[in-house]
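These numbers come from the heavy atoms of this one structure, side chains and all, not from hydrogens, waters or symmetry mates. Here the structure is a predicted model, which means the values were calculated and not measured.
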Amino acid sequence: MTATDASATPAGRGGAEPTLSVGHMDVVYKVRGRDRLALRDVSFEVGRRESYGLVGESGSGKSTVALALTRYLPRNGRVSAGTVSINGADPLAMSGTDLRHLRARTVSMVYQEPGKALNPSIRVGRQVAEVYEVAGLHRAEAAERAEAMLRKVQIADPGRVMGRYAHQLSGGMAQRVVIAMALAAEPALLILDEPTTALDATVEAEVLDLVSALRAEFDTSVLFISHNLAVIAKMCDRVGVLYAGELVEEGPAREVFEDPRHPYTVGLLRCIPRRGQRKDHGRLDTIPGFLPPAGHTLSGCVFAPRCLLAEDRCREAPPPSYQIAAARTSRCYRHDVAPSLPRATPEDKPLPGPPASAETLVQLAGLSKTFGARGSRGSRGEQVHALTGVDLELERGETLGLVGESGSGKTTLAWVLLGLLPPDPGATVELAGQPLAADVRRRPRSQLRALQIVFQNPDSALNRRHTVRRLISRPLARLAGLSGERLRARLAELITSVRLEDRHLAMRPNQLSGGLKQRVAIARAFGSGPAVVVCDEPTSALDVSVQAAILNLLADLQADEQVSYLFISHDLGVVRYLSDRIAVLYLGKVMEVGPAERVFSGPHHPYTEALLSAVPSLDGQRADRIKLSGEIPSATNLPTGCVFHTRCPRRLPSGICESEEPPLREVEPGHRMSCHIPLDELQNLQRAGQPT
């Protein structure tokens, strides 16, 4: 293999001029009067109608690339070297008027959080119509085109949606509105920056299918930024792997993911639970160490400090970009042996499962939760049925995974268990055979110690004014009653168990990375010696490398302390890795519950089947997605019969699904399902891949 210029890729994939061309681009941020390099010598192209993926950990520079291309860098950032061409135009040389024209007509961007991209004080219809008005259409015609575009992005009843505000939309609907705004100008280049990170599996699949269809219809090129490698594998023709501001590997997405030739790419792929990998069969591999800070001045390869294949030459001089194949490059001296990268974590470490004679620790029976909605004038409105007749149990030392779309009641169930919301009268909520008071303020200290939570976003859960020492020590003193030497000993034990160091104790949350913050949150939750820890999307905002470390940590802590987890997540691969049993919720009702392997391997409830079919796969072996019709019905007016029948692709023609609610019955030992279709018939239908 020979070294080559990283920018020497075939123009436009087929001879046509590329839509986007980036050549040897450097980006610097001025911090405390000093320029710090954030991107170094980045070169890539996106051809006509091509989809190009950009992957890497947080801090690698992915979003900086997008902001640099559109000249949206903050005031202290600038492109200090290199060239950029978008549809033949140079945004770096443009004046204000020309740049606004480029942003309005040629390039559009979809951000990670649609709620922040939409103006909360302007109705959705006006926001979409403004795009057409900027293009020169009259207001009435712009409104018509806006409604047509909302219909094109598969929003049901677009006329009504146009009259709503952003807060009245679901996450998936808000993201479709943002995509409609981005595509209204029929841009040559569409930049997607983590557009599906906060979405459920089914909504994510719908958004991805929508982007693919619209890309073909509008002949749009796509730059897709994500840390979800499976999404990139599904959506992108080619992929570039970014690390510490450098493009370390590039090539066709399928080839890069099947045969990675840079140790960093190998490490990223090993962090992902794949092919049904579970905690009791060994831990996930991780990438040791941390990204270097912006402005680092390493003399050799930027990945050398974390690379287990690094040699002296790797630390002495940066490697050139080697040509691996006609359209593949790798910036690694040892690209030929990169796939044999040694494991960073110990060899597969078997972890014990729950005790064979496990006792029931948490018992939920007849659990319902109804919220009272109010009318526009403050009058008593309809009732919102968040949970209806939920029966679940959690055994000591096990993980119960709770899955379902947004609005299914997962978080409501967790909050009722924690005493943050009271259940409806008649519900049974018990811990170790003792009833739990509906209000957390009425629970004794022993129950407060026994039930803890790790939230999705550690930034919101940790007081930024307190040091790590105080954040972890406070529950030790207030709940566990420790002081003096006993408190210091327990603190030292905790920071060791969550892989923190003594130097972190004096830091505040804003001085820590996302992964370190989540470790602090986990240490705080485990400080009082809990029996149950509720994990509410604890890894959804983390990179795959940090996610793997957190999942390993949770598995190790469970094995050591026999704690039980109620694990809530929309990432079904993560749920499968950590969970012993799975409960599937839909509109506040349990559709299916059973051993994780049984639920995932099938036959499943039709709703579970649809959820699993929506998950993108790195190896491309996923069956065709089962598309659910329509939106989730309103929780204020639940459907009669089976609540899932309005969207079920396997609804029986006899009408029983519409008229009778199926009981949650045991279809196999330990496996319960709420469905009128017999298990053997479901199995035959799902093997054939056909609806009823």
Side-chain angles (χ1 to χ4, degrees), residues 270-286 288 343-362 393-402 431-432 449-454 472 475-476 480 489-500 515 518-539 542 545-569 571 573-583 595-600 670:
R270 288 185 183 175
C271 291
I272 303 170
R274 300 177 68 181
R275 299 181 181 91
Q277 186 176 359
R278 287 172 43 78
K279 63 181 180 182
D280 52 359
H281 298 310
R283 293 190 294 174
L284 297 167
D285 201 5
T286 58
R343 284 180 60 92
T345 54
E347 287 297 328
D348 286 353
K349 173 186 174 182
L351 296 170
S357 58
E359 62 178 295
T360 298
L361 191 60
V362 173
E393 60 282 333
L394 177 64
E395 296 180 348
R396 187 177 299 278
E398 79 161 351
T399 299
L400 176 64
L402 206 56
L431 175 67
R449 292 178 55 186
L451 282 166
Q452 294 292 315
I453 185 170
V454 177
I472 302 176
L476 295 179
R490 178 58 176 158
L491 178 63
E493 180 184 346
L494 279 171
I495 65 168
T496 299
S497 67
V498 299
R499 320 290 192 267
L500 290 172
Q518 198 62 292
R519 290 174 186 269
V520 172
I522 292 171
R524 183 177 64 176
F526 274 82
S528 61
V532 177
V533 175
V534 175
C535 300
D536 191 357
E537 300 277 11
T539 64
L542 304 178
S545 56
V546 181
Q547 172 184 278
I550 295 298
L551 291 176
N552 285 342
L553 172 62
L554 290 172
D556 287 344
L557 289 172
Q558 184 174 55
D560 293 340
E561 305 197 20
Q562 282 300 296
V563 67
S564 300
Y565 294 139
L566 180 64
F567 192 87
I568 301 170
S569 180
D571 188 328
V574 167
V575 171
R576 184 171 193 172
Y577 173 76
L578 200 63
S579 299
D580 302 293
R581 289 190 305 123
I582 303 291
E597 281 306 293
R598 199 71 195 94
V599 171
F600 276 99

- Query: For the atom pair OG1 (T399) and CG (L578), what is the distance rounded to the nearest 0.5 Å?
  - Reply: 4.5 Å

- What one should report as the nearest heavy-atom pair of S497 and L553 is O-CD1, 3.1 Å

- With E493, which residues qualify under salt bridge (Lys or Arg N to Asp or Glu O under 4.0 Å), at least two apart? R490

- Query: Under a 4.5 Å cut-off applied to non-hydrogen side-chain atoms, are Q518 and P538 in contact?
  - Reply: yes

- Kindly give the heavy-atom pair with the smallest separation between Q558 and S564, and that separation in Å. NE2-CA, 4.3 Å

- Message: What's the separation between atom CD1 in I472 and atom CZ in R524, rounded to the nearest 0.5 Å?
- Response: 9.0 Å

- Note on the structure: Tightest non-hydrogen contact, residues L494 and G527, listed as CD1-CA, 3.5 Å

- Query: Would you say N552's side chain and L284's backbone share a donor-acceptor pair under 3.5 angstrom?
  - Reply: yes

- Message: Show, in sequence, the C-alpha distance, side-chain angles and deciding distance for I453 and V533, and conclude whether the side chain to side chain contact (heavy atoms under 4.5 Å, CB included) test is met.
- Response: CA-CA 5 Å; I453 185 170; V533 175; over 6 Å; no

- Heavy-atom check, side chain of R576 versus side chain of Q277, under 4.5 Å: no

- Item | Student check: side-chain heavy atoms of V534 and V454 closer than 4.5 Å | no

- Locate the shortest heavy-atom distance separating G515 from I550; write the atom from each residue and the value. O-CD1, 4.1 Å

- Item | Side chains of F526 and V498 in contact at under 4.5 Å (non-hydrogen atoms) | no

- Task: Give, for atom SG of C271 and atom CG of L542, the distance between the pair rounded to the nearest 0.5 Å.
- Result: 12.0 Å

- Query: Does E393 offer a backbone N or O that forms a donor-acceptor pair with the side chain of R581 under 3.5 Å?
  - Reply: yes

- Item | D571 vs V575 side-chain heavy atoms within contact, under 4.5 Å | no

- Message: Quick check against the 3.5 Å criterion: does R278 have a side-chain atom that pairs as donor or acceptor with the backbone of S579?
- Response: yes

- So, the side chain of R449 versus the backbone of S528: is there a donor-acceptor pair under 3.5 Å, distance only? yes

- Query: For P288 and A344, which heavy atoms make the closest approach, and how far apart are they?
  - Reply: CD-CB, 3.4 Å

- Query: Does any donor atom in the side chain of D580 or Y565 lie under 3.5 Å from an acceptor atom in the other side chain?
  - Reply: no

- Item | Separation of I582 CD1 from L402 CG (nearest 0.5 Å) | 9.0 Å

- Note on the structure: To the nearest 0.5 Å, atom OH of Y577 lies from atom CZ of R283 at 8.0 Å

- Message: I need the minimum non-hydrogen distance between E537 and S569, along with the two atoms involved.
- Response: OE1-CA, 3.4 Å

- Gap separating the CD1 atom of I568 from the CG atom of L400, nearest 0.5 angstrom: 9.5 Å

- Task: Take V362 and L566, measure what side chain to side chain contact (heavy atoms under 4.5 Å, CB included) needs, and give me the verdict at the end.
- Result: CA-CA 10 Å; V362 173; L566 180 64; over 6 Å; no

